[in-house]
K.L.:
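Below is the structure I would like to discuss, written out as structure tokens.
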Amino acid sequence: LNPPMVSGSTVGLSWTPGTGSAPTSYVLTAFASGGAVLATVPLTGTSASFSGVPSGSYLLQLVAVNVLGSSPPSSPVPLVVP
């Protein structure tokens, strides 16, 4: 998961698929700074954009899914929305 692009309350995300069997989808999880899960969002492709994100500090993790199952989560990526 690449560092997020933040413009106001809009957040743009992008990522590069890992090696091995091609992912068919992804699952993005957003955590509050205290560790609570705020949202789990299924995604396809290699980018996504979210508007209306509330101000705050978050951690994001991405899991790739393919015919073999789910990958381990990506390293947490910090997100700060002013």
K.L.:
Between Val65 and Pro23, is there a side-chain heavy-atom distance shorter than 4.5 Å?
P.N.:
no
K.L.:
When clusters are formed by joining ILVMFWY residues with side-chain heavy atoms under 4.5 Å apart, either directly or through shared neighbours, do Val63 and Phe50 land in the same one?
P.N.:
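No; tracing contacts between hydrophobic side chains, which count when under 4.5 Å, never links both residues.
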K.L.:
So Val77 and Pro4, do their side chains get closer than 4.5 Å, heavy atoms only?
P.N.:
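Yes, close enough: below the 4.5 Å cut-off.
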K.L.:
What's the separation between atom OG in Ser71 and atom OH in Tyr26, rounded to the nearest 0.5 Å?
P.N.:
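Going from the OG atom of Ser71 to the OH atom of Tyr26 covers 8.5 Å.
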K.L.:
Determine, using the 4.5 Å side-chain heavy-atom cutoff (strictly less than), whether Leu79 and Phe31 are members of one ILVMFWY cluster.
P.N.:
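Looking at the clustering, Phe31 is in a separate group from Leu79.
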K.L.:
Please check if Val41 and Val81 belong to a single hydrophobic cluster, counting links between Ile, Leu, Val, Met, Phe, Trp and Tyr side chain heavy atoms closer than 4.5 Å.
P.N.:
yes
K.L.:
Measure the CG-OG1 distance between Leu1 and Thr16 for me, rounded to the nearest 0.5 Å.
P.N.:
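Between Leu1 CG and Thr16 OG1, I get 9.5 Å after rounding to 0.5 Å.
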K.L.:
Do Leu38 and Leu13 land in one hydrophobic cluster if side-chain heavy atoms of ILVMFWY residues count as linked below 4.5 Å?
P.N.:
yes
K.L.:
Would you list the atom pairs, donor with acceptor, under 3.5 Å between side chains in residues 51-61 and any protein atom, with sequence neighbours excluded?
P.N.:
from  : atom 1 : to    : atom 2 : distance (Å)
Ser55 : OG     : Pro82 : O      : 2.6
Tyr58 : OH     : Pro54 : O      : 2.7
Gln61 : NE2    : Ser74 : O      : 3.0

K.L.:
Going by the rule side chain to side chain donor-acceptor pair (under 3.5 Å), which residues pair with Ser14 if we only count those two or more places apart in sequence or in a different chain?
P.N.:
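Asn2.
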K.L.:
Apply side-chain contact (heavy atoms from CB on, under 4.5 Å) to residues Thr40 and Val27 and explain how you reach the verdict.
P.N.:
CA-CA 7 Å; Thr40 302; Val27 177; 3.3 Å; yes
